[in-house]
2 protein chains.
Amino acid sequence: MAEDIAGRGDPVKSLQLMWGRMEAPRRGPKAKASVAELVAAAVSIADAEGLDAVSTRRVADAVGISPMSFYTHIPGKAELLDLMLDAVTGAGLTEIPEFEPEHWRRNLAFIAHEHRAFYMRHPWVLHLATHRPVLGPNTMMAAEIALRALEGLGLTDLEMDHAFTLITSYVHGAVRDAAREKMVKELTGMTDNEWWHRVAPFLETVDFSPYPVLSRVGAVAGETYGAHDPIGAFAFGLERVLDGLAVFIESKAAQKG
Amino acid sequence: MAEDIAGRGDPVKSLQLMWGRMEAPRRGPKAKASVAELVAAAVSIADAEGLDAVSTRRVADAVGISPMSFYTHIPGKAELLDLMLDAVTGAGLTEIPEFEPEHWRRNLAFIAHEHRAFYMRHPWVLHLATHRPVLGPNTMMAAEIALRALEGLGLTDLEMDHAFTLITSYVHGAVRDAAREKMVKELTGMTDNEWWHRVAPFLETVDFSPYPVLSRVGAVAGETYGAHDPIGAFAFGLERVLDGLAVFIESKAAQKG
DNA sequence: TTTAACTCTTTACATCGTACGGAGTTATGC
DNA sequence: GCATAACTCCGTACGATGTAAAGAGTTAAA
């Protein structure tokens, strides 16, 4: 399995494990390790060393069982990734905030920043290309919370869904850059700055005349030489997204009366 | 190498290959295969069967050389992925359009749809987690084109960069869903609909009362049972993003005079 | 003609996910 | 009490992957 993919295991098996719906075994020896332990170990490996480091052998070793015993508890790696995603989503959930619709803009900004912080804490989640939605209790609760921040704004259910998709899409896309920098530094020990200086001598030999706008904007934006400002870019984009939603919400309000 | 990562190889080697800057060999036998052939073969494998199917052995075989001869031409898989990304970006570029600032909204929508179409044609690109920017000629040209659509709107260079990040972030995030469905169907032969019906019996046993908004919105949005409408969601989000940019552009114009 | 540069290839190794079969452990049914 | 079924755990093994190492063959420069 070369690709790291969640949502690909036996759908029902994954769900049963995520919801703790396996009937308790009635015979046989007590298990040395639990599913929760395995998943927690996998998550902390991923947090510390990235998805690359998460192998079934390594996870089994971390909880003190032999490589193949992993499969006693979890059907395969695909299911492990499903479980990791739901578990780590759960760890980021606090109590459910009460959203007041009149502060919708602040609420949505809060949601967006929480999502961003989540990805920054667990950048490997960005590498988890989900093939199917992971319908775990925590993943669903995260969606529930985001949707609640969109309630009472005069949107139809379908529009709420689309607005939700808009915000999560933007955050996911925007956060790649910042999370990337963090991960790469940890994994390779090379900072963006060092990387740019490695590359610079070559870049000076290329003809930038076909790219006048890019070279002007790229230089100013500090994209070159690692002086890029991902937080500023994120904030800028988020304000635009919220402005766009404001236009829509106000036009719907005006239209209705 | 478990993760599929571009931008991780020797930075300068990748760049030299992308820009065709390897000095021509002056001795030795004629090469049976070229870098371009290898990259093209890798791309068509990825297009047909996904990133999973792209292995150095497979690519070498596709161009008729032995597994290890691959490394005569390309230093490693990381560099191959860099080259694939730039090559496939180049294949999507037509001639450079002339953008008129007064039609900026139409222009940006065009850019967004082009990006979306690109990802839909080559969904594996979404799984390519880039560790560093891939500074190939085609990748840079794609950025140049997008930035030109943002010229003449009264934005500073930094704002242009941020607006560019906003649009590409949104498109990247939003397209994951649609591309996912396409890929999964091809790779697993299971449609979303079948998947949902596999899962449905289990879902009926879970208590949705903690997720009132999600279950209401999810049902209406047709997320359940695969009746989801990704194109509609994309269009909705894009309109909001453009509205948000419009607010910003107009306020800057008003401010200036 | 020697030699250096270059291409191609064979063999080999570590690591991965996991199929298979069996040994040890516990509660149930007789 | 005992056989048995339901378990947990583990050792071995297979095929695939990326690629290191070392050598054989080919071409042009010295």
Side-chain angles (χ1 to χ4, degrees), chain A residues 1-6 8-10 13-14 17 22-38 42 45-46 49-84 127-128, chain B residues 1-6 8-10 13-14 16-17 22-38 42 45-46 49-84 127:
Chain A
M1 193 164 58
E3 282 177 77
D4 299 304
I5 289 175
R8 182 157 90 168
D10 178 333
K13 257 314 180 42
S14 281
L17 287 166
M22 304 301 288
E23 62 238 33
R26 292 199 307 269
R27 305 181 209 201
K30 250 187 296 186
K32 285 167 64 177
S34 68
V35 172
E37 281 177 278
L38 285 163
I45 292 170
E49 302 174 46
L51 261 192
D52 262 5
V54 177
S55 70
T56 57
R57 286 172 168 86
R58 176 86 187 272
V59 172
D61 189 65
V63 303
I65 60 180
S66 88
M68 283 311 289
S69 291
F70 173 92
Y71 292 93
T72 303
H73 305 280
I74 299 176
K77 186 161 184 184
E79 287 82 0
L80 174 67
L81 295 170
D82 281 359
L83 292 169
M84 287 171 69
H127 288 345
L128 258 186
Chain B
M1 194 164 54
E3 281 176 80
D4 299 307
I5 290 175
R8 181 156 92 168
D10 178 334
K13 258 309 179 46
S14 282
Q16 286 176 327
L17 288 166
M22 303 301 288
E23 61 238 32
R26 294 198 307 269
R27 305 182 205 198
K30 250 190 296 187
K32 286 166 63 176
S34 67
V35 172
E37 279 176 280
L38 283 163
I45 292 170
E49 303 173 46
L51 263 192
D52 262 5
V54 178
S55 70
T56 57
R57 285 172 167 85
R58 177 86 186 272
V59 172
D61 189 65
V63 302
I65 60 180
S66 85
M68 284 308 290
S69 291
F70 173 92
Y71 293 94
T72 303
H73 305 280
I74 299 176
K77 186 160 184 185
E79 287 82 359
L80 173 66
L81 295 170
D82 281 0
L83 293 168
M84 287 172 69
H127 289 343

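Basis for what follows: all heavy atoms, side chains included, without hydrogens, waters or symmetry-related copies.
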Tell me: [atom1] of [X] to [atom2] of [N], nearest whole Å?
X       : N      : atom1 : atom2 : answer
B/Glu79 : D/dG18 : CD    : C1'   : 12 Å
B/Phe70 : C/dT7  : CZ    : P     : 14 Å
A/Ile45 : C/dC16 : CD1   : P     : 11 Å
A/Asp61 : C/dG17 : CG    : P     : 13 Å
B/Ile74 : C/dT7  : CD1   : P     : 13 Å
B/Leu81 : D/dT17 : CG    : P     : 14 Å
A/Asp52 : C/dG17 : CG    : P     : 11 Å
B/Lys32 : D/dT27 : NZ    : P     : 13 Å

- request: Could you tell me whether A/Val59 contacts a base, only the sugar-phosphate backbone, or nothing, with contacts defined as non-hydrogen atoms closer than 4.0 Å?
  value: nothing
message: From C-beta outward on B/Ser69, which listed nucleotide comes closest to its side chain: C/dT18, C/dT9, D/dC9?
response: C/dT9
- request: With the side chain of B/Ser55 defined as its heavy atoms from C-beta on, choose the nearest nucleotide among C/dT9, D/dG18, C/dT7.
  value: D/dG18
- prompt: Which residues satisfy the salt bridge (charged side-chain N to carboxylate O under 4.0 Å, His left out) test with B/Arg58, sequence neighbours excluded?
  reply: B/Glu49
Residues 23-31 of chain A, side-chain donor-acceptor partners within the protein, below 3.5 Å, at least two apart:
none

Does [X] have a side-chain nitrogen or oxygen under 4.0 Å from the phosphate oxygens OP1 or OP2 of [N]?
X       : N      : value
B/Ser66 : C/dT9  : yes
B/His73 : C/dC8  : yes
B/Thr56 : D/dG18 : yes

Test side-chain hydrogen bond (donor to acceptor under 3.5 Å, both in side chains) applied to B/Ser69 - qualifying residues, sequence neighbours left out: B/Ser66
task: On DNA chain C, check which nucleotide each of A/Tyr71 and B/Pro67 is closest to and give me the residue with the more 5' one.
output: B/Pro67
Please list, for nucleotides 26-30 of chain C, all pairs of protein and nucleotide N/O atoms separated by less than 3.5 Å.
| from | atom 1 | to | atom 2 | distance (Å) |
| --- | --- | --- | --- | --- |
| C/dT26 | O2 | A/Gly28 | N | 3.4 |

Using 0.5 Å steps for rounding, measure from the [atom1] atom of [X] to the [atom2] atom of [Y].
X       : Y        : atom1 : atom2 : answer
B/Met84 : B/Lys77  : CE    : NZ    : 8.5 Å
B/Asp52 : B/His127 : CG    : NE2   : 8.5 Å
A/Ile65 : A/Phe70  : CD1   : CZ    : 8.0 Å
B/Thr56 : B/Leu80  : OG1   : CG    : 8.5 Å

- prompt: If you look at every heavy atom in A/Ser14 and A/Leu83, which pair is closest and at what distance?
  reply: O-CD2, 4.2 Å
message: According to side chain to side chain contact (heavy atoms under 4.5 Å, CB included), who are the partners of A/Met68, at least two apart in sequence or on a separate chain?
response: A/Tyr71
field: Under 3.5 Å: donor-acceptor pair, side chain of A/Lys13, backbone of A/Ile74
entry: no
Atom pairs, N/O to N/O, protein against nucleotides 11-14 of chain C, distance under 3.5 Å?
none

